[in-house]
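What follows is one structure encoded as structure tokens, with my remarks underneath.
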Number of protein chains: 2
Amino acid sequence: MREIRRIDDRQGVGRARLSALAVLYFGGECSLSQLAETEMVSRATMHHVVNGLEREGYVTRTPDLKDARRQIIRLSAEGTRAIKAAHAERIDYLRHIAEDVDPGELAAAVRILDHLRNRSRARPEQK
Amino acid sequence: MREIRRIDDRQGVGRARLSALAVLYFGGECSLSQLAETEMVSRATMHHVVNGLEREGYVTRTPDLKDARRQIIRLSAEGTRAIKAAHAERIDYLRHIAEDVDPGELAAAVRILDHLRNRSRARPEQK
DNA sequence: GTTCATTGTTAGCAAAGCTAACAGAATCTT
DNA sequence: AAGATTCTGTTAGCTTTGCTAACAATGAAC
């Protein structure tokens with residue numbers, strides 16, 4: 001939904017960057033490759049995204065002591081603040097447009113959406 | 001959802017371009033500015049998107065006889081085929097991940113989503 | 001007729017995406 | 001142990017998708 005994008009844009013972070021921050025926030029630290037996989041983009045793309053996030057101070061990168069090829073990407077305090085703020089804005093907006101919907105019906109719809117999302121992640125692109 | 005993006009990517013059209021094709025398919029011909037407004041991007045952005053679509057043969061541009069500043073953007077036969085194919089793939093995919101959901105519950109959830117979308121369009125970004 | 005608003009376009013920039021290729025580290029095979 | 005293969009992050013080159021600013025032409029308002 002384009003409207004959600006406009007809400008997100010208010011954070012001034014960038015779409016792909018915000019999405020990566022969300023992965024870190026909800027899923028915890030991970031490697032660059034794992035981020036790329038979760039976000040379904042190439043490693044090269046995620047490399048650029050993380051570079052931008054690091055430059056802006058939203059994430060830190062440290063070597064993975066268990067595998068010298070890898071690096072661990074973590075949210076910084078600033079990154080945590082940014083994703084929390086973005087999340088709050090989204091929730092606020094969604095609450096507003098849903099304010100005339102019956103709470104029970106809304107909860108049921110959310111449950112189904114969650115289910116569909118889990119299904120899509122279990123089998124991402126197959127038909 | 002990233003998975004939907006991957007499904008859409010299969011058409012080889014490009015995200016913003018496919019979205020613009022959808023606006024034309026479901027809403028009919030319109031001007032470049034109207035497209036930009038509906039898609040919530042700048043006119044300059046939509047200018048680029050439409051350029052790409054025209055170059056690939058998906059849309060045609062003709063002067064608006066009622067206003068010499070404007071041009072009418074229309075789907076070509078190829079554009080219609082592309083958006084139909086993309087739409088069918090999306091539906092197919094969504095059907096697949098929803099196949100274990102009760103049809104009545106799914107219909108209810110879809111109704112609520114439609115309602116929320118209408119609400120978001122009536123008041124795009126206000127809180 | 002003049003001023004202001006609308007429309008599409010250009011220019012310059014950054015972000016976000018891809019593939020290909022590479023180097024170094026880790027794992028597998030012999 | 002040595003060589004082959006895989007994994008990881010990086011660079012390079014390209015395209016697409018976004019933005020703002022500025023402009024010229026057209027249309028509307030005064």
Side-chain angles (χ1 to χ4, degrees), chain A residues 1-23 29-56 58-74 82 86, chain B residues 1-23 29-56 58-74 82 125:
Chain A
M1 220 167 24
R2 296 281 184 159
E3 291 81 11
I4 294 284
R5 283 170 59 166
R6 291 293 155 213
I7 298 289
D8 286 343
D9 286 346
R10 286 182 183 168
Q11 306 301 322
V13 175
R15 211 156 292 139
R17 292 177 193 182
L18 205 50
S19 192
L21 288 182
V23 171
E29 68 189 40
C30 57
S31 70
L32 189 141
S33 289
Q34 286 168 335
L35 254 190
E37 189 180 331
T38 302
E39 292 281 88
M40 299 176 91
V41 298
S42 69
R43 286 176 290 135
T45 297
M46 190 49 72
H47 177 69
H48 287 300
V49 171
V50 170
N51 276 355
L53 287 172
E54 188 185 30
R55 197 176 56 236
E56 301 287 335
Y58 292 123
V59 300
T60 59
R61 279 168 139 145
T62 48
D64 183 342
L65 301 181
K66 286 175 294 187
D67 183 340
R69 293 170 301 182
R70 288 185 169 222
Q71 43 185 265
I72 310 265
I73 319 287
R74 291 185 181 91
Chain B
M1 219 171 21
R2 296 283 184 158
E3 290 81 10
I4 294 285
R5 283 171 60 167
R6 290 294 154 212
I7 299 289
D8 286 341
D9 286 347
R10 286 183 184 167
Q11 306 301 322
V13 175
R15 210 154 295 138
R17 293 179 194 180
L18 205 50
S19 192
L21 287 181
V23 171
E29 67 188 40
C30 57
S31 70
L32 189 141
S33 289
Q34 285 168 336
L35 253 191
E37 189 180 331
T38 302
E39 292 282 86
M40 300 175 92
V41 296
S42 68
R43 286 175 290 135
T45 298
M46 190 48 73
H47 177 70
H48 287 301
V49 171
V50 171
N51 276 356
L53 286 173
E54 188 185 31
R55 196 176 56 236
E56 301 287 337
Y58 292 123
V59 300
T60 60
R61 281 167 140 144
T62 47
D64 182 343
L65 301 180
K66 288 176 291 187
D67 182 338
R69 294 169 302 182
R70 285 185 170 223
Q71 43 184 265
I72 311 264
I73 319 287
R74 290 185 181 91
E125 293 170 61

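Bear in mind that the values here come from a model prediction, so they are computed numbers and not experimental data. Just so it is clear: chains get the letters A, B, ... in the order the sequence lines come, proteins before strands, and each one is counted from 1.
- Per the geometry, CD belonging to A:Glu37 stands 11 Å off P belonging to D:dC7, to the nearest Å.
- Nearer the 5' end of DNA chain D, as judged by each residue's closest nucleotide, is the contact made by A:Arg43, out of A:Arg43 and B:Arg55.
- The distance from atom CG of B:Asn51 to atom C1' of C:dA11 is 14 Å, rounded to the nearest whole Å.
- Taking 3.5 Å as the limit, the base of D:dT26 and the side chain of B:Arg69 contain a donor-acceptor pair of atoms between them.
- Taking side-chain N and O atoms only, A:Ser33 has no distance below 4.0 Å to OP1 or OP2 of D:dC7.
- Each of A:Thr45 and B:His47 lies near DNA chain C, and the nucleotide nearest B:His47 is the one positioned closer to the 5' end.
- With no hydrogens or angles considered, a side-chain donor-acceptor pair links B:Glu39 and B:Ser19 at under 3.5 Å.
- Residue-environment remark: CD (B:Glu37) stays at or below the threshold of 12 foreign heavy atoms within 6.0 Å.
- Distance from the side chain of A:Gln71 is smallest to D:dT10 among C:dT7, C:dT10, D:dT10.
- Residue contacts shown for A:Arg70 are limited to sugar-phosphate atoms, with no base heavy atom under 4.0 Å away.
- B:Arg10 places its CZ atom 18 Å from the C1' atom of C:dG17, with the value rounded to the nearest Å.
- If you measure from atom CG of A:Asp67 to atom C1' of C:dG24, you get 11 Å, rounded to the nearest angstrom.
- Toward the 5' end of DNA chain C, the nearer of the two residues A:Met46 and A:Lys66, judged by each one's closest nucleotide, is A:Met46.
- When the shell of 6.0 Å around CD of A:Gln11 is examined, it contains more than 12 heavy atoms from other residues, nucleotides or ligands.
- Defined by atom type and a distance below 3.5 Å, a donor-acceptor pair is missing between the side-chain atoms of B:Glu54 and B:Thr60.
- Atom C1' of nucleotide C:dT7 and atom CG of B:Asp64 are separated by 11 Å, given to the nearest angstrom.
- In this structure, B:Leu65 places its CG atom 11 Å from P of D:dG27, rounding to the nearest Å.
- Contact annotation for B:Ser42: base contact, defined as any heavy-atom pair under 4.0 Å involving a base atom.
- To the nearest 0.5 angstrom, A:Leu35 atom CG is 12.0 Å from A:Thr45 atom OG1.
- Atom pair B:Glu39:CD and D:dT16:P shows a separation of 17 Å (rounding to whole Å applied).
- For the pair B:Asp9 CG and D:dT17 C1', the computed distance is 13 Å after rounding to whole Å.
- Looking at residues 11-21 of chain B, you'll see B:Gly14, B:Arg15, B:Ala16, B:Arg17 sit with a heavy atom under 4.0 Å from some atom of DNA chain D.
- Each of C:dC18, D:dC19, D:dT10 was ranked by its minimum atom distance to the side chain of B:Arg6; first place goes to C:dC18.
- Each of A:Arg69, A:Glu29, A:Arg70 was checked for a side chain to side chain contact (heavy atoms under 4.5 Å, CB included) with A:Asp64, and the lone residue meeting it is A:Arg70.
- The distance from the NE2 atom of A:His47 to the CG atom of A:Asn51 is 4.5 Å, given to the nearest 0.5 Å.
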